[in-house]
Number of protein chains: 2
Amino acid sequence: MASNMEKLNDIALEHIAQYFQALSEPTRLKILHSLQDGERNVSELTELSGCTQANVSKHLSLLAKIGLVKRESRGTSVYYNIADPSIYTLCELVCGQIGSRLADEAPLRAMLLSSLDKFNT
Amino acid sequence: MASNMEKLNDIALEHIAQYFQALSEPTRLKILHSLQDGERNVSELTELSGCTQANVSKHLSLLAKIGLVKRESRGTSVYYNIADPSIYTLCELVCGQIGSRLADEAPLRAMLLSSLDKFNT
DNA sequence: TGACTATATAACTATATGGTTATATATTAA
DNA sequence: TTAATATATAACCATATAGTTATATAGTCA
């Protein structure tokens with residue numbers, strides 16, 4: 001029985017890991033952010049993300065596979081919308097953590113500020 | 001200025017993505033789970049995770065770099081403890097999502113149950 | 001100082017991943 | 001049926017990642 005539970009936990013861990021992995025890429029985070037206010041088609045997402053259509057399509061495919069977005073074909077366009085809004089809760093929690101870290105870590109903060117300075121020229 | 005804000009958002013996204021990436025690996029999730037009740041040294045984590053000491057050490061190094069764990073040398077042992085308990089909130093949220101997905105998806109559920117059956121022999 | 005234990009790191013390997021270019025596929029209209 | 005637009009996928013490439021084996025490094029004790 002203990003072996004049963006152990007195996008089930010491994011499968012659960014794999015699912016959890018995959019879920020986090022879907023969120024572990026800036027381009028995908030951008031796409032998900034673009035979908036927060038409502039569905040968009042691939043062309044729109046391509047423009048908003050600044051990546052190639054092929055790349056966006058590839059990322060969307062993964063997000064759909066993990067179940068974070070849903071795909072809906074309409075005419076010649078394909079629309080994607082959020083299937084799992086809890087990801088925004090996750091992102092907010094992480095943003096909060098990273099934000100408070102930035103406050104705590106003066107060296108990192110100085111680096112970020114110097115990045116800003118570079119664009120003031 | 002818009003370019004400044006955009007650049008800062010890219011940096012934030014990168015940090016967020018890295019945070020999720022730290023959680024996107026079953027072995028690392030196991031290690032973090034083992035630390036939930038309190039600190040442990042590398043040997044203990046090695047036994048609990050079922051991986052090699054070198055591998056565990058490597059994962060711990062990454063977790064420390066992202067700021068999820070803290071390292072403390074004591075005698076010949078090195079202890080690691082959780083620096084950012086919010087990861088357990090994240091995991092619970094994701095578990096909840098995946099759990100309700102399992103309830104929704106009969107085919108996947110049947111697969112998991114058949115996994116259990118295999119161990120009843 | 002040498003021996004021992006615990007841990008980190010180097011070097012390697014197989015596989016995965018993100019991005020790209022080209023093109024296959026799907027839908028629609030004339 | 002052909003042409004046009006939108007999207008998905010194949011194939012490729014460079015880089016990253018997880019795991020491994022070997023060994024360097026750190027701390028302690030006699």
Side-chain angles (χ1 to χ4, degrees), chain A residues 10-11 13-35 39-83, chain B residues 9-11 13-35 39-81 83:
Chain A
D10 277 357
I11 295 177
L13 283 181
E14 185 58 40
H15 275 90
I16 298 171
Q18 282 182 3
Y19 196 100
F20 283 126
Q21 192 180 36
L23 299 173
S24 68
E25 224 289 306
T27 301
R28 286 202 286 276
L29 289 175
K30 269 193 205 169
I31 289 169
L32 292 168
H33 181 67
S34 301
L35 291 174
E39 67 170 17
R40 294 188 192 267
N41 65 30
V42 179
S43 295
E44 288 169 323
L45 292 170
T46 298
E47 282 180 32
L48 290 167
S49 70
C51 302
T52 63
Q53 175 269 315
N55 198 18
V56 169
S57 201
K58 199 169 178 178
H59 284 304
L60 286 168
S61 174
L62 183 145
L63 290 172
K65 184 184 156 215
I66 302 292
L68 301 190
V69 300
K70 277 200 175 176
R71 181 184 187 278
E72 186 172 336
S73 207
R74 246 185 267 142
T76 65
S77 288
V78 176
Y79 286 82
Y80 284 85
N81 61 82
I82 292 295
Chain B
N9 283 343
D10 278 357
I11 295 178
L13 281 181
E14 186 58 41
H15 275 88
I16 298 170
Q18 281 183 4
Y19 195 100
F20 283 126
Q21 193 182 35
L23 299 173
S24 69
E25 226 290 307
T27 301
R28 285 203 285 276
L29 289 175
K30 268 192 205 169
I31 288 168
L32 293 168
H33 181 68
S34 301
L35 291 175
E39 67 171 19
R40 293 188 195 269
N41 63 30
V42 178
S43 294
E44 288 169 322
L45 291 170
T46 297
E47 282 180 32
L48 289 169
S49 69
C51 301
T52 64
Q53 173 269 313
N55 198 19
V56 169
S57 202
K58 199 170 178 178
H59 283 303
L60 285 167
S61 174
L62 183 146
L63 291 171
K65 183 183 156 214
I66 302 293
L68 301 192
V69 300
K70 278 202 175 172
R71 182 182 186 280
E72 186 174 333
S73 207
R74 248 186 268 140
T76 63
S77 287
V78 175
Y79 287 81
Y80 284 85
N81 61 81

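By convention in this document, chain letters (A, B, ...) are assigned in the order of the sequence lines, proteins followed by strands, and residues within each chain are numbered from 1. Fair warning: this is a prediction, and the values are worked out from it, not measured in the lab.
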dT20(D) phosphate, OP1 or OP2: any side-chain N/O from Thr52(B) under 4.0 angstrom? yes
Measuring only between side-chain heavy atoms, which start at C-beta, is Arg28(B) closer than 4.5 Å to Leu63(B)? yes
Using whole Å, report how far CG of Leu29(B) lies from C1' of dA18(D). 14 Å
From CG of Leu63(B) over to P of dA18(D), roughly how many Å is that when rounded to an integer? 10 Å
Distance in angstrom units between Lys58(B) NZ and dA22(D) P, rounded: 16 Å
Round to the nearest Å and state the distance from His59(A) atom NE2 to dG18(C) atom P. 6 Å
Is there side-chain contact between Tyr19(B) and Leu68(B), with at least one heavy-atom pair below 4.5 Å? yes
Within this structure, what is the CG-to-C1' distance between Asn55(A) and dA8(D), rounded to whole angstrom? 13 Å
Distance check needed: dT15(C) P versus Gln21(A) CD, whole Å only. 17 Å
For the pair made of CD1 in Ile31(A) and P in dT7(D), what is the distance, rounded to whole Å? 13 Å
To the nearest Å, how far apart are Leu60(A) CG and dG19(C) P? 12 Å
Earlier contact from the 5' end, DNA chain D, for Leu62(B) and Glu44(A): Glu44(A)
Taking only side-chain N and O atoms of Arg71(B), does any of them lie within less than 4.0 angstrom of OP1 or OP2 on dA8(C)? yes
Reckon Ser57(B) touches a base, only the sugar-phosphate, or nothing at all at heavy-atom distances under 4.0 Å? base
Is there a donor-acceptor pair closer than 3.5 Å between any side-chain N or O of Ser24(B) and the backbone N or O of Gln21(B)? yes
Is Lys70(A) salt-bridged to Glu72(A), going by a charged N under 4.0 Å from an acidic O? no
If you assign each of Val42(B) and Glu25(A) to its closest nucleotide in DNA chain C, which residue comes earlier from the 5' end? Val42(B)
With sequence neighbours excluded, residues passing salt bridge (Lys or Arg N to Asp or Glu O under 4.0 Å) with Lys58(B): none
Other residues, nucleotides, ligands: >12 heavy atoms within 6.0 Å of Glu14(B) CD: yes
Considering residues at least two apart in sequence or located in another chain, which fulfil the side-chain hydrogen bond (donor to acceptor under 3.5 Å, both in side chains) criterion with Glu25(B)? Thr27(B)
Per atom distances to the Tyr80(A) side chain, the nearest of dA8(D), dG19(C), dT9(D) is dA8(D)
At a cut-off of 3.5 Å, list every protein nitrogen or oxygen paired with a nitrogen or oxygen from nucleotides 23-29 of chain D, distance to 0.1 Å.
unit_1: dG27(D); atom_1: O3'; unit_2: Gly75(B); atom_2: O; d: 3.2

